[in-house]
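Chain A is the first sequence line, chain B the second, and so forth, proteins listed ahead of strands; every chain is numbered from 1.
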Protein chains: 2
Amino acid sequence: MSHYCYKNNTMAKTPHDLLSRRERHIMDILYRKGRATAAEVMADLSGSPSYSTVRTQLRVLEEKGHVRHEEEGLRYVYVPATARSAVRRSALRHLVETFFDGSTEKAVAALLGDSSRLSEAELARIAALVEKAKKEGGR
Amino acid sequence: MSHYCYKNNTMAKTPHDLLSRRERHIMDILYRKGRATAAEVMADLSGSPSYSTVRTQLRVLEEKGHVRHEEEGLRYVYVPATARSAVRRSALRHLVETFFDGSTEKAVAALLGDSSRLSEAELARIAALVEKAKKEGGR
DNA sequence: TACTTACTACTAAGTATTTAGTAATGAAGC
DNA sequence: GCTTCATTACTAAATACTTAGTAGTAAGTA
């Protein structure tokens with residue numbers, strides 16, 4: 001099993017790997033929404049934490065450098081400190097390594113497999129992307 | 001932003017969501033390897049934890065029901081309690097919601113985008129899958 | 001049998017996370 | 001100016017996570 005190419009103890013450390021459970025949930029919410037106030041984050045968290053709990057956590061995340069805030073009128077709007085595109089890339093990579101034996105093909109297959117999620121138009125655009133990738137010459 | 005379809009506080013709870021940081025790392029290792037001894041898990045963990053630390057954590061994970069062990073000769077081999085395919089599905093789903101605005105198409109595009117990772121043969125097989133999905137009639 | 005090796009279980013303490021209370025601030029309306 | 005509302009910051013305690021020591025067991029070997 002496992003033909004992924006990392007050696008022991010050298011798994012790339014993404015910010016996500018360093019987060020505690022709650023912190024991860026909060027970051028996920030911020031990445032989904034793009035930006036959010038403490039109240040919005042609170043609304044999306046499970047377990048009905050108190051407002052002050054959420055605020056504390058956002059402050060801690062800011063101290064650790066994972067989040068920054070912008071003042072908007074009277075209140076703070078929180079934004080992830082790391083670009084979504086970067087985190088997304090490493091998350092995808094991690095998923096492929098962990099659950100698809102490092103095979104991008106298997107991951108694509110899994111996404112296509114649930115084809116009820118894809119419209120004809122989407123499938124057509126995907127087909128075009130595959131063609132493009134072929135022309136650019138794969139590996 | 002965010003056209004994902006979950007309501008507040010109803011995000012599907014996958015086992016993965018309930019795990020602490022270390023526990024998650026350990027589960028990832030087990031999903032990558034399929035099965036592993038304490039020593040193997042230890043070798044793959046960052047931060048050089050002691051053997052006894054890793055054993056304790058595997059025992060805790062077992063108590064919580066995330067892992068089970070098989071006795072193989074004298075020692076234990078640990079295996080995830082939840083089928084890889086199930087965890088994989090929800091992980092993929094979560095990733096699409098969090099980083100691709102709920103769009104499977106965008107996720108596929110990101111995977112194809114890094115086409116240096118895909119061989120011609122793989123691209124050909126993916127093209128065939130797209131055709132198949134089209135025939136089965138998308139959404 | 002006594003010694004070594006390779007494991008396991010139990011236990012306790014250190015550290016980090018998570019929680020939420022209380023107080024402070026500033027704007028808006030009366 | 002005083003009260004209310006919506007915010008924020010600070011603080012302390014409870015809980016959970018993480019660590020690793022010590023001791024026990026069984027197999028193999030001299």
I'd like a table of atom pairs between the protein and nucleotides 15-17 of chain D - only N or O on both sides, under 3.5 Å - with the distance next to each one.
unit_1 : atom_1 : unit_2  : atom_2 : d
D:dC17 : OP1    : A:Arg21 : NH2    : 2.1
D:dC17 : OP2    : B:Lys64 : NZ     : 3.3

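- With hydrogens and angles ignored, the 3.5 Å screen pairs no side-chain donor or acceptor of A:Thr53 with any backbone N or O of A:Pro49.
- Side-chain atoms of B:Glu40 come within 3.5 Å of backbone atoms of B:Thr37 as a donor-acceptor pair (strictly under, hydrogens ignored).
- The shortest distance between the side-chain N/O atoms of B:Thr53 and the OP1/OP2 oxygens of D:dA20 is below 4.0 Å.
- Residues satisfying the ring-ring contact (aromatic ring centres under 6.0 Å, His included) criterion with A:Tyr76, sequence neighbours excluded, are A:His69.
- Between the side chain of A:Thr98 and the backbone N or O of A:Leu95 there is no donor-acceptor pair closer than 3.5 Å.
- A:Arg59 and A:Glu62 are not joined by a salt bridge, as no carboxylate oxygen comes within less than 4.0 angstrom of a charged side-chain nitrogen.
- Regarding A:Glu70, its CD atom lies at a distance of 14 Å from the P atom of D:dT8, rounded to whole Å.
- For A:Arg84 and B:Asp101, the salt-bridge test passes: some basic side-chain N is under 4.0 Å from an acidic carboxylate O.
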I'd like a list of close polar pairs between nucleotides 7-11 of chain C and the protein, N/O only, cut-off under 3.5 Å.
unit_1 : atom_1 : unit_2  : atom_2 : d
C:dC7  : OP1    : B:Arg75 : NH1    : 3.2
C:dT8  : OP1    : B:Tyr76 : N      : 3.0
C:dT8  : OP2    : B:Tyr51 : OH     : 2.3
C:dT8  : OP2    : B:Arg55 : NE     : 3.2
C:dT8  : O3'    : B:Tyr76 : OH     : 3.2
C:dA9  : OP1    : B:Tyr76 : OH     : 3.2
C:dA9  : OP2    : B:Arg55 : NH1    : 3.0
C:dA9  : OP2    : B:Arg55 : NH2    : 3.1
C:dC10 : N4     : B:Arg59 : NH2    : 3.4

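- Between the CG atom of A:Leu58 and the C1' atom of D:dC10 there is a distance of 16 Å, given to the nearest Å.
- Residue pairs meeting the salt bridge (Lys or Arg N to Asp or Glu O under 4.0 Å) criterion with at least one partner in residues 67-81 of chain A, sequence neighbours excluded, are A:Arg35-A:Glu70, A:Arg35-A:Glu72, A:Arg68-A:Glu70.
- A side-chain donor-acceptor contact under 3.5 Å links B:Glu23 to the backbone of B:Ser20.
- Interatomic distance, CZ of A:Arg24 versus CD1 of A:Ile29, reported as 12.0 Å (0.5 Å rounding).
- One atom, CD of A:Glu40, and another, P of D:dT7, lie 10 Å apart when rounded to the nearest Å.
- The nearest whole Å value for the distance from the CD1 atom in B:Ile26 to the C1' atom in D:dT19 is 12 Å.
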Please write out each protein N/O paired with an N/O of nucleotides 23-25 of chain D under 3.5 Å, distance rounded to 0.1 Å.
none

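- A search for ring-ring contact (aromatic ring centres under 6.0 Å, His included) contacts involving A:Phe99 returns B:Tyr31, not counting sequence neighbours.
- B:Asp17 has no carboxylate O lying under 4.0 Å from a charged side-chain N of A:Arg21, or vice versa, which leaves the two without a salt bridge.
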